[in-house]
Amino acid sequence: MKAGFDKLLKEAFHHTFKELDVLNIADSLRVGDFERIRKAHDSIHELLLLPLSLLSSGKVTWHAKSAFLTYQWEAFHLAHRAFIEALAGYYNAGYTLLRSALELLVRGAFWECMAHKGFRSRAKVLDEDRQKYRKISIKDWVDELIRSDPSIEESLEETSASIFDKVAPILENDELRECIRLPSFSVIVKQLVEWDIIDISRGYQIVYRELYGELSKDVHVIPDRTDIGRRLLTEEDFLKVIVVPAELNKFMDCLRKVIDVGIVIQLNVLSDWIRDDKEVQSNLRERLSVLEELELKFSFEKLKSLVNQ
């Protein structure tokens, strides 16, 4: 009985392995721009190295930035899966995952800021959005909870992920959402720009108009952004999953741009940890040459400003 089951598992594994299109991954590495691919891959890992280096110092705790870090960890894995899907020739899946990774980084930063009074007290964009829709804002909701129980404010400062418990009733209750305004992604990006969490030149245009807008075309599967549509343009067998070198290279550039913005967001969210520790600053200076080599220009300039002050 067990031998029969083991055989079944082995067959299932080999069948699934074939469906991974590993040979396409080999083709992508062969016919694509290898340096573009390498830089995209290594950029993803830079997204994880920074918080790990800070947390390993033992001077800071996960809890204080947990709202952002939980989303950031998820973003790392989604970006990595997006990379692999693109290598296998599934560009639409790659771009769709990449938009989710971008959203995680942006929304994670937003919830992190919402957990801290210093940001909530200067949220002009959210206030204007509330007036426009004549609804209670998410900021109003959190502030009212704190007025009813002042201990909430301290718990949010100590464990920022507890913000999720405070907003969960809105996310889970249709009636509450009728009177409480959950900000759109556009509003969230504008608010992060105002808070200087996204402090790159043309931050709103780059993050929302260019990156999010372009990635949304794949999420909403307009004809030319389906994989069959892409393959039709190559005038080859459009029903077969194949590597499209031009599309592969384009994806890798887009992935690197998302990571570049993501690292800037990350650096700004964690900036107080960096500014307060000279040893951390010294260690992070070693990453400057890496960011420059990977052509993560926004990340390079941001980290340079934090460690060379």
Side-chain angles (χ1 to χ4, degrees), residues 65-72 74-75 78 95-96 98-146 156 160-220 257-258 260-271 298 302:
K65 306 285 187 182
S66 51
F68 175 73
L69 290 175
T70 52
Y71 271 52
Q72 183 266 347
E74 189 88 0
L78 279 190
Y95 281 118
T96 300
L98 192 54
R99 194 188 86 158
S100 293
L102 175 63
E103 284 203 58
L104 282 164
L105 291 163
V106 170
R107 293 183 187 276
F110 175 75
W111 290 122
E112 181 64 42
C113 292
M114 285 297 298
H116 302 290
K117 182 180 179 180
F119 288 101
R120 290 196 310 275
S121 63
R122 50 185 182 90
K124 183 180 177 182
V125 173
L126 291 182
D127 291 339
E128 291 174 348
D129 189 58
R130 172 191 59 198
Q131 293 169 8
K132 179 180 179 180
Y133 288 92
R134 298 182 180 181
K135 288 185 175 183
I136 299 169
S137 74
I138 193 74
K139 180 179 81 87
D140 297 331
W141 171 267
V142 175
D143 287 342
E144 183 57 37
L145 289 177
I146 291 171
L156 286 172
S160 59
S162 62
I163 188 70
F164 300 135
D165 295 329
K166 306 302 179 279
V167 300
I170 305 171
L171 302 175
E172 297 167 1
N173 189 306
D174 293 338
E175 292 182 7
L176 274 179
R177 286 200 301 275
E178 288 295 318
C179 58
I180 298 173
R181 166 71 176 165
L182 287 173
S184 65
F185 191 73
S186 172
V187 169
I188 289 174
V189 173
K190 286 179 181 178
Q191 184 58 76
L192 291 177
V193 170
E194 184 195 27
W195 281 332
D196 285 331
I197 298 297
I198 298 175
D199 60 352
I200 60 176
S201 175
R202 298 177 55 252
Y204 177 76
Q205 287 75 15
I206 289 174
V207 175
Y208 185 72
R209 298 292 184 193
E210 296 177 17
L211 287 175
Y212 186 76
E214 278 301 304
L215 292 170
S216 293
K217 293 177 182 178
D218 276 87
V219 173
H220 300 307
K257 289 176 183 176
V258 169
D260 197 9
V261 168
I263 292 176
V264 169
I265 291 172
Q266 181 183 79
L267 287 168
N268 281 317
V269 169
L270 306 179
S271 61
F298 294 132
K302 182 76 250 183

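All values below come from the heavy atoms of this structure, side chains included, with hydrogens, waters and symmetry mates left out.
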Review point. Under 3.5 Å, is there a donor-acceptor pair between the Asp196 and Asn268 side chains?
Key: no
Check your understanding: Does some side-chain heavy atom of Arg120 sit less than 4.5 Å from a side-chain heavy atom of Asp143?
Key -> yes
Check your understanding: Got a donor-acceptor contact below 3.5 angstrom from the Arg181 side chain to the Arg134 backbone?
Key -> no
Exercise for review: Start with the C-alpha gap between Arg99 and Glu103, add the side-chain angles, then the distance that decides, and say whether salt bridge (Lys or Arg N to Asp or Glu O under 4.0 Å) holds.
Suggested key: CA-CA 6 Å; Arg99 194 188 86 158; Glu103 284 203 58; 3.4 Å; yes
Practice item. Check Asp129 against Pro183 and note the closest heavy-atom contact, atom names and distance. Key: OD2-CA, 4.3 Å
Check your understanding: Are the side chains of Ile198 and Ile206 in touch, meaning some heavy atoms are under 4.5 Å apart?
Key -> no
Check your understanding: Are any of the side-chain heavy atoms of Leu102 and Tyr212 separated by less than 4.5 Å?
Key -> yes
**Study point:** Centroid-centroid under 6.0 Å between Tyr71 and Phe164 rings
**Key:** yes
**Study point:** Under 3.5 Å side-chain donor-acceptor pair for Glu194 and Gln191
**Key:** yes
**Study point:** Steps toward side chain to side chain donor-acceptor pair (under 3.5 Å) verdict (Ser137, Asp140)
**Key:** CA-CA 5 Å; Ser137 74; Asp140 297 331; 3.1 Å; yes
Check your understanding: Can Tyr204 and Ser186 be said to form a side chain to side chain donor-acceptor pair (under 3.5 Å), step by step?
Key -> CA-CA 8 Å; Tyr204 177 76; Ser186 172; 2.7 Å; yes
Review point. Taking everything shown except Glu144 itself, do over 12 heavy atoms lie less than 6.0 Å from its CD?
Key: yes
Exercise for review: Any chance you could measure Asp199, atom CG, to Phe298, atom CZ, to the nearest 0.5 Å?
Suggested key: 10.5 Å
Exercise for review: Would you check if Val258 and Leu215 make a side-chain contact, meaning some heavy-atom pair closer than 4.5 Å?
Suggested key: yes
Check your understanding: Is a side-chain donor or acceptor of Ser160 paired with a backbone partner of Ser66 at a separation under 3.5 angstrom?
Key -> yes
Review point. Got Met114 and Leu126 here, is their nearest side-chain heavy-atom distance under 4.5 Å?
Key: yes
Check your understanding: Are any side-chain N or O atoms of Ser184 and backbone N or O atoms of Val187, one a donor and one an acceptor, separated by less than 3.5 Å?
Key -> yes
Exercise for review: Have a look at Glu210 and tell me which of Gln205, Lys257, Arg202 forms a side chain to side chain donor-acceptor pair (under 3.5 Å) with it.
Suggested key: Arg202
Review point. Is the backbone N or O of Phe119 less than 3.5 Å from a side-chain atom of Trp195, with the two atoms forming a donor-acceptor pair by type?
Key: yes
Practice item. Answer yes or no: is there a side-chain heavy-atom contact under 4.5 Å between Lys132 and Glu128? Key: no
Check your understanding: How close do Trp111 and Ile163 get, heavy atom to heavy atom, and via which atoms?
Key -> O-CG2, 3.8 Å
Check your understanding: Between Lys166 (side chain) and Leu145 (backbone), is there a donor-acceptor pair under 3.5 Å?
Key -> no
**Study point:** From CD (Gln72) to CD1 (Ile263), nearest 0.5 Å
**Key:** 9.5 Å
Practice item. Test salt bridge (Lys or Arg N to Asp or Glu O under 4.0 Å) on Lys124 and Asp127 and set out the steps. Key: CA-CA 5 Å; Lys124 183 180 177 182; Asp127 291 339; over 6 Å; no
